[in-house]
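The next block holds one structure in the form of structure tokens; read it before the comments.
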Amino acid sequence: MRIVVCIKLVPDPEAAVSAFSIEDEKVVIEDYVPWFFGPYDESAIEAALRLKEEYGGEVILLSLDPSDIREKMVEAMATGADRAILVEDRNYDRTDSYGAARALAAAIRKIGHVDLVLCGRQASDTDAGIVAPALAGLLDCASAAVVRNISQAAGRIVVEQQADEGARTLEVILPAVLSVTSENYTLRYASLASIMEAAAKEVLVWDISELPSENTAPGENPYLRCISAHVPDTEVECKIIDGDSAEEQVSNLFAELRRDKIL
Amino acid sequence: MKIAVYAEADKGAVTTETKELFTLGAQLAEKYNGELQAIVMGPGCLAASAQLTQLGAKRIYTVEHPLLDSFETRLYARALIALFQKHKAPDLILFSHNQTGRDLVPFLAVQLKAGACLDCTDLTFNDSTGLFYGVHPLYGGNVAGLYTTNNKPQLFTIRKGGRDCSCRPVENNAEIIPVNIDLNGTEILTRVVQRTFAPPGEGKLEDASVIVSGGRGIGGPEGFALLRELAAAFGGAVGASRSAVDAGWIEAERQIGLTGKFVHPDLYIAVGISGATQHMAGCSAAKTIIAVNNNPEAPIFRRAHYGIIADYKKVLPLMIKTRYLYS
Amino acid sequence: MLSRQLFWGIQYGWLTYLLALLTIAVLAHLWRLKVKDWSYGKDEKAGIDWRDRGCKALGHLVSQRLLGEKIAVGIAHLLVFYGFVVLFIGTVLLMLDSHLQHFLNGYIFVSYKMILNIFGLLALAGVTGLIFRRYIFKKAPGESDGQTLATLALPFLVLLTGFLVEGSRLAITVKDNPGWQFWAFPAYPVVEFMRSTDLASLGYIHTLFWWVHMVLAFTMITAIGWTKLSHVLAVPLNLFYQAGQQPGRLREINLAEKNFGVAGLKDFTRTQLISVEACVNAGRCEMNCPAFNSHKPLSPRALMEAMRQSGVLESPLVGNQIREEALWACTTCGACQKKCPVLANPVEKIIDLRRYRVMALGSLPQSLQAPLLSLQKRGHPWSGANLSRLDWARELNVPLAAKKKDFEVLFWVGCAGALVERNIKVSRTIVELLQHCKVDFAILGQEESCTCHMARRMGNEYLYQVNAKKNIAKLQQYSFRTIITACPHCYHTLKNEYSLEGEGLQVVSHVVFFRDLIKRGLLQVKKGSGTMVTYHDPCYYGRINQIFDAPREICALADGSLIETAKSREDAFCCGGGGGGIWQDDKSGDRINEVRAKQLLENNVERIATSCPFCMQMLESALSSVGRGEVEVRDVVELLAEQLKDK
């Protein structure tokens, strides 16, 4: 099975509120904030590695970025991916999920035969979760978002999908695009030995212009634009609910919650 | 202007989430003089249309087909595309940000070449551009982005909660338009083989929209029974801090925090939890935090949005009662 | 005139020389095997200051002070040690007397015999004590196997037969040895017992005892090669290599050469292998180990013993002789290292084994992966903190090194001090005190990165080396004289592992820094009202870096009364947070922090003072879980700040 894992470099999802500011309606992130592949993307890598271990095949990491992030991709291969492809696009707007989906779809077509595409359930910068189903739409193949377990049975992929009511087990016909959630897939710890080994692996770099041009240029005909942003006031002020008795406290709490539209 | 709600029904009954969407849709329709429509697919959609009429839909498209029995992303997208080939697509379609919405909408958007924004907390309309704008939190909520698209129809999935869903039925005459479409069984790529229903209070913490969590202050395993009841009242799950897990009062899978799970519920009720950084790391993504603790100095009161300083054993039974009273 | 003939009453006495040669050959062969095993170890190629090392080792050996902790065993061993030293010298003197120059006669002979008899008796008493301890009181640690039996029985029998030989000889030659009751008093009962026996039988008996004694003595000497008596050579050798080394300082390894730590014995350095051989199963490590005493699956003694007995150089130790859980139970508190009578240093071996697990195999407890990955990604272990390294200093007007460039004191805040809510309070207090005393200081802010003390001890030497390089380069950019920190772990690393003092920098702990400010009159403090306070020694300030008095002086001054906990100073029990313990999700045994909290509460104290961000977190959490949340844990500088005079 050939598995492509789409990963996105994001600023530290745990960065402090103070690291973000807005200039000209654009988000500015302080320089000291580290960038790495997001936690859900790591889960997708782990899911792919486990499939490879169990059923054999190849794991290819695929990323789209405006800059040369080969070094980061080499690091990401330390956990066991076979190769990595970087699509470089200087004009890539990180908030344009559909543009990203189109570029990734073009790259996947260029790779050739691919059985399974895995994404994280959402990138931790945009928190959108658009890319995986959009990729499926572009490739017109099976799609399942937010899956927490993937296995293979009788030539078919069986996934356990998180659902509103609990969980659903789906049989999926390949090729398919799945987005993976974190609960069963904590990325394995890369030993220094494997990091040093990965350093010898090469990252293939494709410029966006090398990919089939039709509909691939992000930003050209955006399905979605982030036109402005603001930093919300996150300073938490705790409303201490008063009341002479527990009854009064509870009824006051529910009144507050309803007034603030939380219930 | 046509504003459509993608309506979902469970055994013929319109879901709460859909009702929330109607509240939003009706507000927008009224404010901007638009026509409120509904699209409902799958089994029992005719039964649902009566309720949708009461919710204020002027025009209801019902798409019935044996293959639409259970949700399948590509098949549902095919059905909607076929619908829009027969009937002009509305300007705006509202979806719930649930399992269907997050899978279907991006898939549909690229195939329709439409614009879609997921997981919006709010929606506004700009007269001069004639476009809708969705507010979507970025960077773990540190930034709020305003999203739009020129491509029509504009699709948005709306985050659950925060809206009135007890819509009063309105006097209304709706035009019900049954739509016949051709679907091919060979198009089906995913098939549901099993459904698991999480018992109340024991759902997966990661998907729970409400979590009731207990800490050292609970005092023993018996206290967690009360927490489970409260969680069930909210349709949520029970979590715990490390100290409660270490004490053996609850199983380790329930642990939230740095060494446990990271959760992002809409509502997090922290009971007898002091609020150590280690624990808060796991639940700081919660949209609303309510703290119940008898120690006014507990750090949790600096991280929570609402605080009750009292003995949880007195407060929780009342919360359970009140919750059932109002839902 | 009194004197003594070498082979008195013995025929074929020259045979002993043959036996001696044979003994030496056997011993040499056995030791050659040991040395050969050591030679498979890594060669450190370190320069050695022979004189300094030699003096320190001799000091340890002669004083035997490291044995002092268990007083009875210490004395017993002291008796055996000096007994045999004197008997050995005595035997050599007798040979010199017989073959070179006759000098043992008259009063010299009497004193000679008397000294030998006294020391022989003392040694016998010592070894009898040790036998009683193991076989009667059953208080000795380790297995009582054949080797152990030989280790104790051989010296006992050699000494005993020595007195039997002497007694039977005296019984025959009573008349030639006037005053023997005085200078050979230990043989008195033997002589009395044999007096009635006829001379011919006595001759036979004497000959028999003599040969038995000789054979036993030579067997005992070969036992230096095949029992734990090997320590009589291995320990002095180990003391030579280990004495005078900075405790808690880890050995740097060359990662570029793919040296990722220790899998099997051959991956240790040669000196480490010597220290494995030197281990005598004394059990002082175990007695003082916080993990062992909290019923965790670690005994440093058993671990050393397992390594000593493994015998296989190649095969991996963990999973065979050593349980993986044992490795991760260590808090690197250094009690085993400091209390070891032979300086065998189990903790550095544990770290070496961890290094291999982490760097070569990527195998470590899940709960320790999060802090290490966070360190790797964002330079601090506090995943989930959601704070920047400057958020804590908001509204405090803290000068940044990048802006100031030239200043007196650099305040190294540390990750916990900047990112953990409770510890932030201490950092803010320190800034207020520094500003109050008008100290010219700055902090690195975002430019600071973890010293990686914990990462290194969790086995990730790579992270440590990368961060150390980065931090040292950053520190060299600015001009300052003193670096202070409120974290003992940062302190130890900056001082002893980054070796900043070699670069003309002074690394000072926050407790010493503020104590000195008080002494110089720059900080004036009102005497406190005397709440009951005790001080918990953080391992890396106390035992490992000997900072004991400064925090106590501050406590005594600022609080008025200081009550010592039984286990304090050198004997302080770890809070359980070290070596990654603070992040570990370990369910086995008791929780170390709760064990420690109970010790600290023994005197009904109202407050616990400490001076380490990790101890602070561990103790606060323990106090609330043992139901004593009302007892406050404060950093000593917080006590100090409460009592500022003009505030």
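We name chains A, B, ... by the order of the sequence lines, and we start the count at 1 in each one.
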Against chain B, label [X] side chain, backbone, both or neither, depending on which of its atoms sit under 4.5 Å from a heavy atom there.
| X | result |
| --- | --- |
| A:Gln161 | side chain |
| A:Thr126 | both |
| A:Ile22 | side chain |
| A:Val172 | both |
| A:Arg94 | neither |
| A:Ala132 | neither |
| A:Ala16 | backbone |
| A:Ile240 | both |
| A:Asp242 | neither |

Inspect the surroundings of [atom1] in [X] and state if more than 12 heavy atoms from other residues, nucleotides or ligands are less than 6.0 Å away.
| X | atom1 | answer |
| --- | --- | --- |
| B:Lys287 | NZ | yes |
| B:Lys313 | NZ | no |
| A:Asp31 | CG | no |

Report yes if some heavy atom in the side chain of [X] is under 4.5 Å from a heavy atom in the side chain of [Y]; otherwise report no.
| X | Y | result |
| --- | --- | --- |
| B:Ile320 | B:Leu226 | yes |
| A:Phe20 | A:Glu30 | no |
| A:Val146 | B:Arg102 | yes |
| A:Arg168 | B:Gln194 | no |
| B:Leu118 | B:His136 | no |

Contacting moiety of [X], where chain A heavy atoms sit under 4.5 Å:
| X | result |
| --- | --- |
| B:Arg74 | side chain |
| B:Pro137 | backbone |
| B:His305 | both |
| B:Ile309 | both |
| B:Asn98 | both |
| B:Ile300 | neither |
| B:Ala304 | both |

Pair A:Ile108-A:Leu135, side-chain contact (heavy atoms from CB on, under 4.5 Å): steps then yes or no: CA-CA 10 Å; A:Ile108 289 166; A:Leu135 256 178; 4.0 Å; yes
Test of ring centre spacing under 6.0 Å for B:Tyr76 and B:Phe71: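 Close enough - the centres of the two rings lie under 6.0 Å apart.
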Largest heavy-atom contact set with chain B, pairs under 4.5 Å, which of A:Val27, A:Asp140, A:Leu170: A:Asp140
Residue selection (most heavy-atom pairs with chain B, distance under 4.5 Å) from A:Val159, A:Thr95, A:Ile130: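 With the most close heavy-atom pairs to chain B, the winner is A:Ile130.
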Under 3.5 Å, which donor-acceptor pairs link side chains of residues 34-42 of chain A to any protein atom two or more places apart or in another chain?
{"unit_1": "A:Tyr40", "atom_1": "OH", "unit_2": "B:His264", "atom_2": "NE2", "d": "3.4"}
{"unit_1": "A:Asp41", "atom_1": "OD2", "unit_2": "A:Lys8", "atom_2": "N", "d": "2.7"}
{"unit_1": "A:Glu42", "atom_1": "OE2", "unit_2": "C:Lys377", "atom_2": "NZ", "d": "2.9"}

From CE (B:Met280) to OH (B:Tyr268), nearest 0.5 Å: 7.0 Å
Contact leader toward chain A among [options], where contacts are heavy-atom pairs under 4.5 Å:
| options | answer |
| --- | --- |
| B:Asp103, B:Leu138, B:Thr190 | B:Asp103 |
| B:Val315, B:Asp10, B:Asp119 | B:Val315 |
| B:Leu267, B:Ile290, B:Val135, B:Thr100 | B:Ile290 |

Distance-only donor-acceptor hits, side chain of residues 150-158 of chain A, under 3.5 Å, sequence neighbours excluded:
{"unit_1": "A:Arg156", "atom_1": "NH1", "unit_2": "A:Glu171", "atom_2": "OE1", "d": "2.9"}

